[in-house]
Number of protein chains: 2
Amino acid sequence: MSGDQPPPTEAEWLAAYDPHAFTPIAVTVDIVALTLRESADGDTALHVLLVQRAEPPFQGHWALPGGFLRAGEEDLDTAAARELAEETGLHGGGTGSDTAEATLSRVHLEQLGSYGTPARDPRMHVVSVAYLAFAPDLPDPQAGTDAAAAAWHPVAALDLSAGSTATRDPHAPIQLAFDHARILADALDRARAKIEYSPLATAFLGPEFTVPELRAVYEAVWGERLHPGNFHRKVLSVPGFVEPTGRTTDRGGTRGGPRARRYTAGPSRRLHPPLLRPSQEPGPTPEP
Amino acid sequence: MSGDQPPPTEAEWLAAYDPHAFTPIAVTVDIVALTLRESADGDTALHVLLVQRAEPPFQGHWALPGGFLRAGEEDLDTAAARELAEETGLHGGGTGSDTAEATLSRVHLEQLGSYGTPARDPRMHVVSVAYLAFAPDLPDPQAGTDAAAAAWHPVAALDLSAGSTATRDPHAPIQLAFDHARILADALDRARAKIEYSPLATAFLGPEFTVPELRAVYEAVWGERLHPGNFHRKVLSVPGFVEPTGRTTDRGGTRGGPRARRYTAGPSRRLHPPLLRPSQEPGPTPEP
DNA sequence: ACAATAGTGTCTCTGAGACAATATTGT
DNA sequence: ACAATATTGTCTCAGAGACACTATTGT
């Protein structure tokens, strides 16, 4: 009745019953798929799956894999899993390699957030729902029909400054399309925080792994060296994080050392206590 | 070229250039606005802002406030702030009461997640981007043109079971529309975790508050009694969490006690160390 | 006077981190 | 033989929680 607010709200609701009448918005799903691979310098480094755009806008630029949500057909999670399977060439319910299926089923996939600035795509208003994936070392992807190429890129070689002209690293010249640098930066923040309180670091590894391999995951994601002894004891002290298999590796490390015990991921979905990263500066404002 | 994947991906991209050609998807923004209010039994309890639907589907049911994203005009964050201002009657840039403006500017608003199951709205495929708001005690809202009523509801009086037939509390008969029970449950999880590591519990209070008031926020959100002495010392030990004003309350508590010191929110955006809630069961799987 | 509450002090226990030590393996 | 690494042990310190205590205020 006596509303002091403008009436267009009612018109909008009416428009919902004639879906073609209003200005359309597209919904896409983009994937930030992270994995650990051998980098050029020999170290294992964090890599992200990218596709090279074959058409404008941003033709030739690298972008996050993704695609349109199929209207009326699929859930957001389903669309994300489908896109990831298509881009990695690992079809979850397909024929052929059991290895690919088993590997894909071990991939962790979770929603990251949505991005809907009107100008983020010059063609139309596109709302993108971003997903974050933790994957074990997968084979090189094959480019789809809409991409000129698809490959794993070390995240250290990408420019994440995303408009903030401050930190422009000359050694990270690769500019991502759209606002994907921002999305990737958010994904890395989430990943770094997630492995503190969840056992998802094991999603980067195979079904069986050693404590030193798990430590390499944390070191790659956090970008810091961890104390081997303390890390080892801490991981084993968290109930349900890892479970011993009784087996060991076939041989020691490439540079010597005893064989390491092999573990599998435990049933816990939450680490108590958590594995906090060292770089959490305590005092941000020390008075002079 | 030699792609072994089906070509519909290309067709989808072509469709993007003719936006009206494909099956449309609507994008809405829904708000989970939480605040602390005096409950019926006298205790302060967590409340959520709900609107009663005036039209089908779910006519007469209570639902989260929200509305359509204005295509080509606004960002997701902007749309969320607009919806919140409309539903609470607090217009950020309007004329009149400075109090309403100042209060609304103190509201914390963050993206919660997106929900896009095709069948969640019977009219069409709707992707909803949910937002979480922490608000100080606001006046009762006024119903918009599309709602029969708008009010703050104690979350304890709502049915959050959302299909999982397990915990159906007979004293919580209010059923929310659509999948809003699920969204609210996710929002509560987020809120409970968020105040552990961020100073956002202060967003539920006015610009000046006491430590016991802050403790009441934590007790209401977590649903647990906290030790007054330990809580007090812990809050003051976190650098940048609260800052003393030198002032105290005008009088003691309603049932006696000395006057409490007043504080303002400090500059820290992250609590080091965090205020962990007590109910974190360590061993979920004790073997028999 | 009495009860309730704000704020502080003290003690204990757990866990993180620095450091050391030992055993095992590749080169 | 030597270096590198896996794993365990020891010590110290910070922080959480239980408990006790004092001071201040409303009824």
Side-chain angles (χ1 to χ4, degrees), chain A residues 42-44 195-197 205 208-219 222 224-239 241-242 244-263 271-283, chain B residues 42-44 196-197 208-219 222 224-239 241-242 244-263 271-283:
Chain A
D43 289 339
T44 70
I195 62 176
E196 286 188 312
Y197 300 97
L205 301 170
E208 255 182 50
F209 52 87
T210 67
V211 172
E213 284 168 353
L214 185 61
R215 175 164 48 87
V217 173
Y218 278 88
E219 290 181 334
W222 285 345
E224 297 184 71
R225 309 295 294 181
L226 300 177
H227 190 289
N230 288 341
F231 180 86
H232 192 279
R233 180 165 13 87
K234 200 165 174 177
V235 164
L236 296 187
S237 75
V238 179
F241 189 7
V242 298
T245 63
R247 290 181 288 276
T248 68
T249 52
D250 290 337
R251 42 160 292 153
T254 55
R255 283 166 292 191
R259 304 179 182 184
R261 291 197 259 262
R262 304 184 72 85
Y263 297 85
L271 301 187
H272 292 297
L275 276 76
L276 299 176
R277 61 194 132 161
S279 63
Q280 296 284 60
E281 62 276 48
Chain B
D43 289 339
T44 68
E196 287 188 313
Y197 300 98
E208 254 182 52
F209 52 87
T210 68
V211 172
E213 284 169 352
L214 186 61
R215 175 164 47 87
V217 174
Y218 278 89
E219 289 181 334
W222 285 345
E224 296 185 71
R225 308 296 295 179
L226 300 178
H227 190 290
N230 289 340
F231 181 86
H232 193 278
R233 182 166 10 88
K234 200 165 174 176
V235 164
L236 296 187
S237 75
V238 179
F241 189 8
V242 298
T245 64
R247 291 181 288 277
T248 69
T249 52
D250 291 337
R251 44 160 292 153
T254 56
R255 282 167 292 191
R259 303 179 182 183
R261 290 191 257 247
R262 304 185 72 84
Y263 297 86
L271 302 187
H272 292 297
L275 275 78
L276 299 176
R277 61 195 132 162
S279 63
Q280 295 284 60
E281 62 279 45

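Keep in mind that the numbers below use all heavy atoms, side chains included, and drop hydrogens, waters and symmetry copies. Labels below follow one simple rule: chain letters A, B, ... track the order of the sequence lines, proteins then strands, and each chain is numbered from 1.
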In whole Å, I'd like the distance from the [atom1] atom of [X] to the [atom2] atom of [N].
X        : N      : atom1 : atom2 : answer
A:Leu236 : D:dA6  : CG    : P     : 13 Å
B:Leu226 : C:dT5  : CG    : P     : 15 Å
B:Leu275 : D:dG15 : CG    : C1'   : 12 Å
B:Phe231 : D:dG15 : CZ    : C1'   : 16 Å
B:Asn230 : C:dC13 : CG    : C1'   : 14 Å
B:Glu196 : D:dA16 : CD    : P     : 12 Å
A:Arg277 : C:dA16 : CZ    : P     : 16 Å
B:Asp250 : D:dT25 : CG    : P     : 12 Å

Check: Does A:Ala260 or B:Arg259 map to a spot on DNA chain D nearer the 5' end, using the closest nucleotide for each?
Finding: A:Ala260

Check: With a 4.5 Å limit on heavy-atom distance, are the side chains of B:Glu213 and B:Tyr263 in contact?
Finding: no

Checklist line | Heavy-atom side-chain proximity of A:Thr249 to A:Phe209 below 4.5 angstrom | finding: no

Nearest-neighbour nucleotide for the [X] side chain, [options] considered:
X        : options                : result
A:Arg233 : C:dA6, D:dG9, C:dA16   : D:dG9
A:Arg251 : C:dT27, C:dG17, C:dT5  : C:dT27
A:Lys234 : C:dG17, D:dG26, D:dA23 : C:dG17

Which side-chain N or O atoms in residues 226-235 of chain A pair as donor and acceptor under 3.5 Å with protein atoms at least two apart or in another chain?
{"from": "A:His227", "atom 1": "ND1", "to": "A:Gly229", "atom 2": "N", "distance (Å)": "3.2"}
{"from": "A:His227", "atom 1": "ND1", "to": "A:Asn230", "atom 2": "N", "distance (Å)": "3.2"}
{"from": "A:Asn230", "atom 1": "OD1", "to": "A:Arg233", "atom 2": "NH2", "distance (Å)": "2.9"}

Next item on the list: State plainly whether the residues B:Glu208 and B:Arg247 are in salt-bridge range, i.e. N to O under 4.0 Å.
Entry: yes

Next item on the list: Mind checking B:Gly252 for me? I need base, sugar-phosphate or nothing, with any heavy atom below 4.0 Å counting as a touch.
Entry: sugar-phosphate

Notebook entry, point to check: Sub-3.5 Å donor-acceptor pair from the side chain of A:Tyr218 to the main-chain atoms of A:Ile195, do we have one?
Noted result: yes

Check: Are the side chain of A:Arg215 and the backbone N or O of A:Val217 linked by a donor-acceptor pair below 3.5 Å?
Finding: no

Note to self: Give the residues of residues 208-218 of chain A touching DNA chain D, defined as any heavy atom closer than 4.0 Å, sorted by residue number.
What the structure shows: A:Pro212, A:Arg215

Note to self: Holding to salt bridge (Lys or Arg N to Asp or Glu O under 4.0 Å), I want the full list of residues that pass it with B:Arg261, two or more places apart in sequence or in another chain.
What the structure shows: none

Please tell me if [X] has a side-chain N or O lying less than 4.0 Å from either OP1 or OP2 of [N].
X        : N     : answer
A:His232 : D:dA6 : no
A:Arg255 : D:dT5 : yes
B:Arg261 : C:dT8 : yes

Item checked: Closest-nucleotide 5' rank along DNA chain C - winner of A:Ser237 and A:Gly256 -> A:Ser237

